[in-house]
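Every value quoted in this text rests on a predicted model; they were computed, and no experiment measured them. Residue numbering restarts at 1 for every chain, and letters A, B, ... go by the order of the sequence lines.
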Protein chains: 2
Amino acid sequence: MAAITIGKLASQTGVHLETVRYYERIGLIPAPRRARNGYRHYRSEDVRRLSFVRRARDLGFDIEEIRTLLALAEPGQSSCDEVRKLAMAHLGDIQSKISDLQRLASLLTASIEQCRGSEVPACPVLDMLGASAA
Amino acid sequence: MAAITIGKLASQTGVHLETVRYYERIGLIPAPRRARNGYRHYRSEDVRRLSFVRRARDLGFDIEEIRTLLALAEPGQSSCDEVRKLAMAHLGDIQSKISDLQRLASLLTASIEQCRGSEVPACPVLDMLGASAA
DNA sequence: TCTTGAGTCCGTAGCCACTACGGGGTGTAG
DNA sequence: CTACACCCCGTAGTGGCTACGGACTCAAGA
């Protein structure tokens, strides 16, 4: 069986090769063994760990949160509660981001809509941006 | 009447003082006149311009987009169409961000929900993150 | 055997939009 | 006169990568 080099790890996990090295540098993933030529040599466990990281990033967890998740995922931790807490806090963040964006989208939509009528003297989008109150 | 110093400009527009200097440095707002002591001296027009910038930033436009908007807002431009195009493109971005976050929130909600039953062997949140397929 | 091209090594710098820091000068109220 | 707030400037740090440059190694083809 062929050794897992950094390139293979990258393509198997969908994490950019240079990002893998970055994660190693900041200690998010452990430094792997090196072959005689100096090349990094990963095991299938590393693939799983990095996939975990990638999915967590995709879900918008930041690096520090992922560090915590990885620690909680260590064997022997009966940590479902803590994980749930972290996930719920994160969910709260996401939901307030969503409602921010929704308010924002409806503001934009409103001023774009007005453009359609085109009997307006000035540009409603610029007007909204230039309005003296927020 | 008191002169508009950078601190007043900042508090009137809600833009951080150091951010005002940053915007000046990158040429987003013009460099103001200086008093004899070297202090920046703003006019009410500058307050309007910076407020515009702030609202656009709040709506998630990036600096380059705002540069364009400011140029289009210059007098003598009959540019409503272009502004609308920019705004619509931006709205598209926002809407896809919203749906990304919504998918993400329902994923998270689903795995948190499973935790509630608590007859589960392992932690569903970690399971989801650790699942081999995305 | 030689060459070509892909893969890997490393450190460093750049990206965006700020934000903070440090060390100084200035203005004002008590 | 002494606090203390305000302002000046340049530089460095933030997060999470991404890109660059120059050197090495390895596998496959001619």
Discussion item. Can you see if the side chain of A/R25 gets near the phosphate of C/dG11 - specifically, an N or O under 4.0 Å from OP1 or OP2?
Written reply: no
Worksheet item: If you check every side-chain atom of B/D62, which of C/dG7, C/dA17, C/dT26 has the closest atom?
Response: C/dA17
Worksheet item: Using a cut-off of less than 4.0 Å, is there contact between a side-chain N or O of A/R40 and OP1 or OP2 of C/dC10?
Response: yes
Fill in: Options C/dC18, C/dC21, C/dC9, nucleotide nearest the side-chain atoms of A/Y39
C/dC9
Fill in: Rounded interatomic separation in angstrom, taking CD from B/E65 and C1' from C/dA17
14 Å
Fill in: Sugar-phosphate only, base, or nothing, as touched by A/L17 at under 4.0 Å among non-hydrogen atoms
sugar-phosphate
Worksheet item: For A/R36 and A/Y22, take the nucleotide of DNA chain D holding the closest heavy atom to each; which residue's nucleotide lies nearer the 5' end?
Response: A/Y22
Discussion item. Rounded to whole Å, how long is the line connecting atom CZ of B/F61 with atom C1' of C/dC18?
Written reply: 20 Å
Worksheet item: To the nearest Å, how far apart are B/L59 CG and C/dA17 C1'?
Response: 17 Å
Item to complete: Measure the spacing between CG of B/N37 and CZ of B/R34 and express it to the nearest 0.5 Å.
Response: 10.0 Å
Practice prompt. Tell me, please, which residues at least two apart from B/R103 pass side chain to side chain donor-acceptor pair (under 3.5 Å).
Written response: B/D100
Worksheet item: Rounding to a whole Å, what distance do you find between B/Y23:OH and C/dA17:P?
Response: 9 Å
Response to the item:
Outer limits of DNA chain D sitting under 4.0 Å from a non-hydrogen atom of chain A, read 5' to 3', are D/dG16 to D/dC26
Worksheet item: C/dT8 P sits how many Å from A/R21 CZ, rounded?
Response: 11 Å
Worksheet item: With sugar-phosphate meaning primed atoms plus P, OP1 and OP2, does B/R57 contact a base, only sugar-phosphate, or nothing at under 4.0 Å between heavy atoms?
Response: sugar-phosphate
